[in-house]
Novice: 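Next up is a structure, given as structure tokens.
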Amino acid sequence: MSQLPLDWAERVWALVALIPEGRVSSYGKLAQLLGFPRHARHVGRALSETPPHIDIPWHRVLNGRGECSLAFQSEGWYVQMALLRAEGILPDDQGRVNLTKYGWQP
DNA sequence: TTAGTGACCATAA
DNA sequence: ATTATGGCCACTA
């Protein structure tokens, strides 16, 4: 299961669950909020290991440039794009989300 | 033990 | 605007 300390992953999931519909955040931002400013990679890792029964808005987490960090046009990429569009978050011409506009702060 | 990798990021040209 | 570079740290081989 979790290759990362379980408490860490659970903190990530709990924080992601707080992101309201129509807003987004980034890996680095979440790591910062959790008190580990340079651990962005571990936020991504925790999300990649989210068990199916944990229901959180993982699609609201993008990289620091407002882009989807999943492989371009991969299965997950399409899913994330669709979920974002479904809640009114529309990427710009470059396929990116404006973080200053949609970015979430607790 | 070392080297490579990754749903990352800040900074510098 | 874009690339390049160095840093980050847990995991794996």
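Protein chains get the first letters and strands the later ones, always in sequence-line order, with residue 1 at the start of each. Note that the coordinates shown come from a computational prediction; the quantities given were computed from them, not determined experimentally.
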Novice: How many Å lie between CZ on R65(A) and C1' on dT3(C), as a whole number?
Specialist: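 Rounded to the whole Å, the gap is 10 Å.
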
Novice: With the side chain of R96(A) defined as its heavy atoms from C-beta on, choose the nearest nucleotide among dA7(B), dT2(C), dC8(B).
Specialist: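 Per side-chain heavy atoms of R96(A), the pick is dT2(C).
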
Novice: What do you reckon, is CD of Q73(A) surrounded by more than 12 foreign heavy atoms closer than 6.0 Å?
Specialist: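 Yes, the 6.0 Å shell around CD holds more than 12 heavy atoms from other groups.
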
Novice: Could you give the distance separating dA12(B) and dC8(C) at their P atoms, to the nearest angstrom?
Specialist: 16 Å

Novice: If I take atom CG in residue L99(A) and atom P in nucleotide dC8(B), what distance separates them, rounded to the nearest angstrom?
Specialist: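 So the two atoms are 14 Å apart, to the nearest Å.
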
Novice: Between atom CD in E49(A) and atom C1' in dG6(B), what is the gap in whole Å?
Specialist: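 So the two atoms are 11 Å apart, to the nearest Å.
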
Novice: If you check the H42(A) side chain, which of dC9(B), dA7(B), dC9(C) turns out closest?
Specialist: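 In terms of side-chain proximity for H42(A), the closest of dC9(B), dA7(B), dC9(C) is dC9(C).
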
Novice: Can you check the E67(A) CD to dC9(B) P distance for me, whole Å?
Specialist: 10 Å

Novice: Check whether any side-chain heavy atom of Q80(A) sits under 4.5 Å from a side-chain heavy atom of L62(A), and report yes or no.
Specialist: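 In short, these two side chains touch, coming nearer than 4.5 Å.
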
Novice: Would you say E21(A) and P57(A) make side-chain contact, with heavy atoms under 4.5 Å?
Specialist: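 No, too far: nothing below the 4.5 Å cut-off.
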
Novice: Check whether any side-chain N or O of H39(A) sits under 4.0 Å from OP1 or OP2 of dC9(C), and answer yes or no.
Specialist: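 So the side-chain polar atoms of H39(A) do come within 4.0 Å of the phosphate oxygens OP1 or OP2 of dC9(C), strictly under.
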
Novice: Considering only atom C1', compute the distance from dG6(B) to dG6(C) and round it to an integer number of Å.
Specialist: 16 Å

Novice: Go through dG6(B), dA7(B), dC9(B) for me and flag the one nearest to the S26(A) side chain.
Specialist: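 Of the options given, the side chain of S26(A) lies nearest dC9(B).
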
Novice: Roughly, in whole Å, what's the span from CZ in R41(A) to P in dC9(B)?
Specialist: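 Interatomic distance, CZ of R41(A) to P of dC9(B): 9 Å.
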
Novice: How long is the line joining CD of Q32(A) and C1' of dC8(B), in whole Å?
Specialist: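 Answer to the nearest Å: 13 Å.
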
Novice: Find the distance N63(A):CG to dC8(B):C1' and express it as a whole number of Å.
Specialist: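 The answer, rounded to whole Å, is 8 Å.
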
Novice: What are the two closest heavy atoms between V61(A) and S26(A), and how far apart are they?
Specialist: CG1-C, 4.1 Å

Novice: Does R38(A) make a side-chain donor-acceptor contact with the base of dG7(C), cut-off 3.5 Å?
Specialist: no

Novice: Between atom CG in L34(A) and atom P in dC9(C), what is the gap in whole Å?
Specialist: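 Nearest whole value for this atom pair: 15 Å.
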
Novice: Quick one: is R60(A) getting a side-chain N or O under 4.0 Å of the dA7(B) phosphate, OP1 or OP2?
Specialist: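 For R60(A), the contact criterion (side-chain N or O under 4.0 Å from OP1 or OP2 of dA7(B)) is not met.
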
Novice: So for atom CG, which belongs to D55(A), do other residues, nucleotides or ligands contribute more than 12 heavy atoms lying within a distance under 6.0 Å?
Specialist: no

